[in-house]
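Counting begins at 1 with the first residue of the sequence. Atoms within a ligand are numbered from 1 in the order they appear, just like the ligands themselves.
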Amino acid sequence: MRDVDPVLAYRFLEAGPIVLVTTADAGRANIMTMGFHMVVRHAPPLIGVVIGPWDHSHAALVETRECVICVPTVDLARKVVDIGNCSGDDVDKFERFGLTPEPAAMVQAPHIRECLANIECRIADDRMASDYDLFLLEPVAIRYDDERKERRTLHHNGDGTFTVDGRTVDLRERMILWKALQKDI
Ligand SMILES: Cc1cc2nc3c(=O)[nH]c(=O)nc-3n(C[C@H](O)[C@H](O)[C@H](O)COP(=O)(O)O)c2cc1C
């Protein structure tokens, strides 16, 4: 074992999956890439996300209080990185990256048709946004693509490398205290 700078803690914990976040302000849809997120509560569901003020998406989220968390698969890897390396201030990312916006059920921000899951969210709590850019989001609707062939998600190692989903270890029969977690989607 060796010492590692504590500033690198995220390298061990940022398990992903890397996601895309859509917003729509003034009717203009945008996409950003996001690695910093975590599940905060099962029910009612709550998800923590860190979206920095340098992102156009930050202003759009603050303004509309809504977004969609979209889960891409490995076939979109290069687009996922490129989307996180340009700004909606300068480009229409749906057009540039050939992605298809689809209307959401409960929010103005669009789904991305090419993603495995689209989780529509509203801000539930922004009290930590000014200190940490941390927003707690409440998922209000989810669309999931059962028919998609490619299902492997990408997990950012924090340094521009990604781990692709591999073997699944099924230990559901041991989740005796957590029966709800044994259920399929
Ligand atoms: C792999 C990857 C992960 C990223 N994770 C985050 C994140 O968790 N939070 C964040 O604010 N920005 C993150 N970014 C940066 C934004 O995606 C980037 O600033 C993006 O261009 C913002 O787009 P926008 O200005 O159109 O909102 C990430 C970028 C990459 C490439």
Side-chain angles (χ1 to χ4, degrees), residues 6-40 46-102 104 107-112 114-139 150 152-165:
V7 87
L8 295 178
Y10 71 95
R11 293 281 181 95
F12 301 99
L13 299 175
E14 192 189 346
I18 196 82
V19 295
L20 299 172
V21 178
T22 69
T23 46
D25 58 337
R28 207 168 136 259
N30 186 38
I31 321 172
M32 69 169 279
T33 304
M34 181 177 72
F36 283 17
H37 59 80
M38 68 176 291
V39 176
V40 173
L46 217 47
I47 298 170
V49 300
V50 175
I51 296 182
W54 52 86
D55 297 322
H56 176 91
S57 307
H58 181 274
L61 176 64
V62 168
E63 164 91 18
T64 61
R65 304 189 67 79
E66 302 176 338
C67 65
V68 181
I69 298 176
C70 315
V71 183
T73 46
V74 62
D75 49 312
L76 295 178
R78 284 174 177 74
K79 290 187 186 186
V80 165
V81 173
D82 293 349
I83 285 167
N85 280 273
C86 61
S87 176
D89 285 336
D90 311 315
V91 285
D92 176 338
K93 296 198 208 177
F94 275 98
E95 197 180 300
R96 176 178 287 188
F97 297 106
L99 296 172
T100 317
E102 284 191 341
V107 301
Q108 292 301 312
H111 292 190
I112 300 175
E114 290 78 8
C115 283
L116 180 62
N118 285 274
I119 306 167
E120 300 176 25
C121 297
R122 291 208 185 100
I123 292 181
D125 190 337
D126 59 3
R127 283 174 295 178
M128 283 182 286
S130 55
D131 282 344
Y132 304 112
D133 308 320
L134 172 62
F135 298 86
L136 297 189
L137 304 180
E138 181 189 5
E150 180 57 80
R152 291 171 300 161
T153 52
L154 284 163
H155 302 260
H156 191 210
N157 298 316
D159 61 355
T161 68
F162 295 80
T163 302
V164 179
D165 263 358

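Not a single N or O atom of Val80, backbone or side chain, sits closer than 3.5 Å to an N or O atom of ligand 1. Among the atoms of Met32, none of the N or O lies under 3.5 angstrom from an N or O of ligand 1. Checked by distance only, ligand 1 and His58 stay at 3.5 Å or farther apart across all their nitrogen or oxygen atoms. Between Val50 and ligand 1, an N or O atom pair is found at a separation short of 3.5 Å.
Near Phe36, the atoms of ligand 1 lying under 4.0 angstrom from a non-hydrogen atom of the residue are 8 (O). Close approach to His56 involves these atoms of ligand 1, each under 4.0 Å from a residue heavy atom: 24 (P), 25 (O), 26 (O), 27 (O). Of all the atoms in ligand 1, the ones that sit under 4.0 Å from a non-hydrogen atom of Asn30 are 24 (P), 26 (O), 27 (O). In summary, the atoms of ligand 1 found under 4.0 Å from a heavy atom of Ile51, numbered by their order in the structure, are 11 (O). Here is the list of ligand 1 atoms found below 4.0 Å of a heavy atom in His156: 1 (C). Residue Met34 approaches ligand 1 through these ligand atoms, each under 4.0 Å from one of its heavy atoms: 5 (N), 6 (C), 7 (C), 8 (O).
Of the candidates Ala60, Gly160, Gly88, Ala59, the one placing a heavy atom closest to atom 26 (O) of ligand 1 is Gly88. Of the candidates Ser57, Gly52, Cys86, it is Cys86 that places a heavy atom closest to atom 21 (O) of ligand 1. The option with the heavy atom closest to atom 10 (C) of ligand 1, from among Asp55, Asp89, Leu20, Thr33, is Asp55.
The shortest heavy-atom distance from Val49 to ligand 1 is not under 4.0 Å. Residue contacts with ligand 1 include Lys93, since one or more of its heavy atoms lies under 4.0 Å from the ligand.
Atom CG of residue Leu20 and atom SG of residue Cys67 lie 12.0 Å apart, to the nearest 0.5 angstrom. Atom CD1 of residue Ile123 and atom CZ of residue Arg65 lie 4.5 Å apart, to the nearest 0.5 angstrom.
Crowding of Glu102 atom CD: a count of heavy atoms from other residues, nucleotides or ligands under 6.0 Å exceeding 12. Within a 6.0 Å radius of CZ in Arg96, other residues, nucleotides and ligands contribute 12 heavy atoms or fewer. The environment of CD in Glu138 is crowded: more than 12 heavy-atom neighbours from other residues, nucleotides or ligands sit within 6.0 Å.
Between Asp133 and Ile51, every side-chain heavy-atom pair lies at or beyond the 4.5 Å cut-off.
When each of Val21, Asn30, Ile31 is checked for a side chain to side chain contact (heavy atoms under 4.5 Å, CB included) with Ile83, only Ile31 meets the rule.
In this structure a side-chain-to-backbone donor-acceptor pair under 3.5 Å is present from His37 to Pro17.
Scanning all heavy atoms of the two residues, the minimum distance from Asp82 to Phe97 falls at CB-CE2, 3.4 Å.
Contact annotation: for Ile18 versus ligand 1, heavy atoms closer than 4.0 Å belong to the side chain alone.
Taking the six-membered ring for Trp, His58 and Phe135 have ring centres closer than 6.0 Å.
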